Amino acid sequence: MFNKILIANRGEIACRVITTAKRLGIRTVAVFSDADARAKHVALSDEAYHIGPSAVNESYLLGDKLIEIALKSGAQAIHPGYGFLSENPEFVDAVEAAGLTFIGPSSSAIRAMGLKDAAKVLMIEAGVPVVPGYHGENQDPVFLAAEADKIGYPVLIKARAGGGGKGMRLVEDPKDFAASLEGAQREGLNSFGDASCLIEKYITQPRHIEIQVFGDNHGNAVHLFERDCSLQRRHQKVIEEAPAPDMPDDVRAAMGAAAINAAKAINYSGAGTVEFIVDGSDGLRADGFWFMEMNTRLQVEHPVSEAITGLDFVELQLRVAAGEVLPVKQEALSIKGWSFEARLYAEDVPGGFLPSTGTLDHLQFPAGSAFEKGAVRIDSGVREGDEISPFYDPMIAKVIVHGDDRASALNALTTVLQDCQISGSTTNLDFLVALSRHAGFSNGEVDTNLIARDLTALTAVAPSSEPATALAAVAALGVLAPQPADDPWVNLVGWQQWGTEPRRQALIVNDQEVTFNVTILSPTTFEVSWSDATLGLEVIDLGEGRYDIAYDDYRGRATVFAQGDDVSVFMDGKTERYTIPQPNFGAGDDDASSSVILSPMPGSITKLDAVAGQTVAAGDALIVIEAMKMEHTLAAPRDGVIAEVLVEQGDQVDAGAVVIRLELLDE
């Protein structure tokens with residue numbers, strides 16, 4: 001076994017590897033960019049080295065620098081995590097040429113599965129079923145459009161070197177094929193350095209089911225059952241579970257055998273995942289699944305498989321890389337219970353799932369394990385006070401639960417998500433709670449189109465509750481009484497010389513400015529009136545922002561976090577957010593919002609289809625911005641003429657930056 005390893009990654013996966021390494025007595029070496037100098041993975045490691053500026057191509061993608069640091073630190077092996085260089089065969093070759101061990105598969109195995117078209121040819125030879133499509137070298141757009149016609153719409157365009165939903169476009173109408181191909185090629189080139197694409201038949205009621213495999217250097221290979229990753233948004237996984245709902249034994253056996261055949265066809269060693277697209281229109285069948293791709297690394301969702309097998313996959317990776325025989329046999333493996341994982345991201349769901357940035361001013365998770373098996377497990381690479389930057393994936397945490405059966409595990413997932421408290425960055429937490437409560441999902445009726453079908457209901461913003469709103473108004477005034485103190489002046493919070501004259505406080509509630517009248521009846525009791533509502537509150541301080549709340553015949557608990565102009569109330573399993581409005585001293589332009597196009601996030605301009613003087617119609621795509629590894633299109637908000645283009649292709653822009661100004665068409 002190794003004495004010291006370098007982790008060529010950051011964030012949550014770096015913390016995950018460090019945890020297992022420490023348990024095994026292995027020292028760890030971390031690397032960090034400028035943005036990550038005080039990151040959690042740096043604090044957890046035994047030693048850490050600066051690797052470069054914040055941009056990944058100047059830091060975490062510098063293979064030569066990583067190897068140099070590994071040698072300097074005395075590390076014997078490099079664990080790549082996932083993403084970055086984890087599936088780069090040239091990096092594997094360089095690691096081994098330096099006399100180090102790569103904790104993962106061989107470069108030949110990565111190459112065999114790295115290009116989706118070549119991988120599918122190989123899988124056909126190995127007897128693994130493959131989705132109908134075009135996987136050849138001809139990349140002429142006219143030729144590919146003709147192939148799509150032969151396959152039959154809808155079709156899926158996929159960057160052959162892609163992954164994680166990048167470089168992928170669903171095309172349902174032939175007239176959209178050319179633009180979709182161009183976008184997939186551009187995203188494939190920007191993300192993977194390869195613009196080549198393949199075309200596949202799109203299964204109309206698809207399920208995404210993947211098989212976890214492990215191999216060693218002694219010819220052994222096993223599968224560790226399936227994960228259902230069908231709950232996706234724009235081909236990005238949102239909630240994963242293991243095992244898959246309604247999975248018949250014969251289908252599980254057939255998929256497991258196909259996955260092992262795929263692994264053995266390339267002499268696979270280490271952790272890998274064979275992903276299948278499954279026809280869910282008439283139940284799961286042994287002849288109704290097809291190979292999509294193989295991920296030659298550890299997957300983000302591996303904790304759900306760890307939960308149902310009782311194994312530590314990072315430990316298995318380390319043992320196999322050290323030359324040991326795989327310590328598990330297929331016949332000894334069995335499924336124990338059910339597990340879910342929800343990906344908690346900094347993103348603006350009502351705003352179109354745009355990545356969000358910000359400082360995590362308040363971050364509290366329910367009690368549970370971290371990076372280790374447990375009924376509740378929270379894997380996170382950030383802490384309270386950390387910043388979600390535009391340079392990396394905006395994941396805050398993976399929330400994992402394990403229960404005896406699917407119903408109890410799903411109930412636990414809902415409860416744990418409701419108990420998460422986050423302030424300082426917009427997140428998808430409410431969306432995850434709504435998804436965990438979705439009736440179809442609860443019944444196991446899952447497919448990759450579920451979120452898109454019910455998107456309106458899943459992203460609906462619930463009206464603020466009256467008790468939380470009243471509490472926010474009291475908190476915004478700064479009159480919540482602290483616990484009794486020795487200093488009598490501290491105990492006078494909220495005291496007024498002239499009786500109980502109401503105090504006024506404005507808040508933005510559900511995008512509307514509302515004025516509240518707060519009457520302080522005692523240090524702990526208040527009457528709050530606004531619009532047509534009046535509520536009496538008793539608020540007892542429990543310390544650290546937690547309060548006992550009583551109104552009418554109800555008594556419960558709430559947490560309040562107020563910083564700057566923002567007030568967050570965590571109550572009854574919900575997060576309520578309010579803003580204290582600031583005076584607007586400028587003369588507003590009623591048409592200003594439709595006269596400019598703003599960047600909704602920090603990012604890079606990757607495509608610019610706009611010039612001054614150009615006539616545009618509402619909805620015309622004008623700019624493509626890449627942020628946090630994904631492309632986002634900015635369109636004209638109305639008909640008009642472009643008065644000014646304030647950016648150039650390749651520019652970096654901040655959130656809220658004006659990129660285009662419009663003027664009205666001449667009447």
Side-chain angles (χ1 to χ4, degrees), residues 113 119-120 122-133 156 200-215 221-232 237 239-265 268 271-295 299 301-302 304-309 311 328-341 403-407 409-410 440-450:
M113 291 298 182
K120 292 189 177 183
L122 183 62
M123 290 300 97
I124 291 171
E125 295 173 354
V128 179
V130 172
V131 178
L156 203 58
E200 289 183 346
K201 178 66 179 174
Y202 182 73
I203 310 300
T204 55
Q205 195 170 334
R207 288 177 64 177
H208 180 137
I209 298 178
E210 57 191 33
I211 302 290
Q212 176 73 55
V213 295
F214 255 96
V222 299
H223 75 81
L224 293 97
F225 311 110
E226 78 278 0
R227 297 185 286 261
D228 196 314
C229 306
S230 299
L231 282 191
Q232 299 181 7
K237 299 168 186 174
I239 294 180
E240 303 101 342
E241 63 182 299
D246 302 322
M247 172 63 80
D249 290 340
D250 65 322
V251 180
R252 176 176 290 127
M255 293 183 74
I260 289 177
N261 287 342
K264 287 189 172 182
Y268 196 80
T273 298
V274 183
E275 301 195 352
F276 294 99
I277 190 75
V278 182
D279 184 358
S281 60
D282 190 27
L284 302 183
R285 309 182 313 275
D287 62 351
F289 66 88
W290 302 274
F291 173 87
M292 285 199 305
E293 62 184 345
M294 183 175 185
N295 290 303
Q299 291 278 93
E301 59 271 21
H302 75 273
V304 295
S305 295
E306 290 183 319
I308 66 165
T309 60
L311 298 170
V328 291
K329 300 291 185 183
Q330 192 67 58
E331 57 271 18
L333 291 166
S334 62
I335 295 173
K336 306 174 185 67
W338 214 285
S339 183
F340 287 92
E341 173 183 295
D404 292 336
D405 52 42
R406 190 174 190 272
L410 188 54
F441 181 45
S442 297
N443 294 330
E445 301 164 4
V446 294
D447 64 77
T448 59
N449 296 322
L450 183 149

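Predicted model, so just to flag it, every value in this text is computed and none were measured. Positions are given from 1 along the sequence.
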Looking at [X] and [Y], what are the two nearest heavy atoms and their distance?
X: Gly280; Y: Arg207; answer: CA-CD, 4.3 Å
X: Tyr202; Y: Pro206; answer: OH-CG, 4.0 Å
X: Asp250; Y: Ala286; answer: OD2-CB, 4.4 Å
X: Val213; Y: Ala259; answer: CG1-CB, 3.7 Å
X: Val446; Y: Pro245; answer: CG2-CG, 4.4 Å
X: Asn295; Y: Glu275; answer: ND2-OE2, 2.6 Å

Taking the side chain as every heavy atom from C-beta outward, state whether [X] and [Y] have any atom pair closer than 4.5 Å.
X: Trp290; Y: Asp279; answer: yes
X: Phe441; Y: Glu241; answer: yes
X: Val274; Y: His223; answer: no
X: Trp338; Y: Leu410; answer: no
X: Met255; Y: Glu226; answer: no
X: Ile209; Y: Leu284; answer: yes
X: Phe340; Y: Arg406; answer: yes

[X]: which residues meet the side-chain contact (heavy atoms from CB on, under 4.5 Å) condition with it, sequence neighbours left out?
X: Leu333; answer: Val222, Leu224, Phe225, Leu311, Val328, Gln330
X: Gln205; answer: Ser281, Asp447
X: Ala307; answer: Ser339, His402
X: Lys264; answer: Ala221, Ile260

Quick one: list whatever passes side-chain hydrogen bond (donor to acceptor under 3.5 Å, both in side chains) with [X], sequence neighbours left out.
X: Ser230; value: Asp228
X: Arg227; value: Glu210, Gln212, Thr273, Ser305
X: Thr309; value: none

Partners meeting salt bridge (Lys or Arg N to Asp or Glu O under 4.0 Å) with [X] (sequence neighbours left out):
X: Asp249; answer: Arg252
X: Asp287; answer: Arg285
X: Glu301; answer: Lys237, Arg343
X: Glu341; answer: none

Pairwise distance CD1(Ile203) to OG1(Thr448) - rounded to 0.5 angstrom: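 Going from CD1 on Ile203 over to OG1 on Thr448, the span is 10.0 Å.
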Asn443 atom CG, neighbour heavy-atom count above 12 within 6.0 Å: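 Correct, the count exceeds 12.
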Residue list, ring-ring contact (aromatic ring centres under 6.0 Å, His included) with Phe291, at least two apart or on another chain: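 Result, ring-ring contact (aromatic ring centres under 6.0 Å, His included) vs Phe291: none returned.
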Evaluation steps, side-chain contact (heavy atoms from CB on, under 4.5 Å), between Met123 and Glu293: CA-CA 9 Å; Met123 290 300 97; Glu293 62 184 345; over 6 Å; no
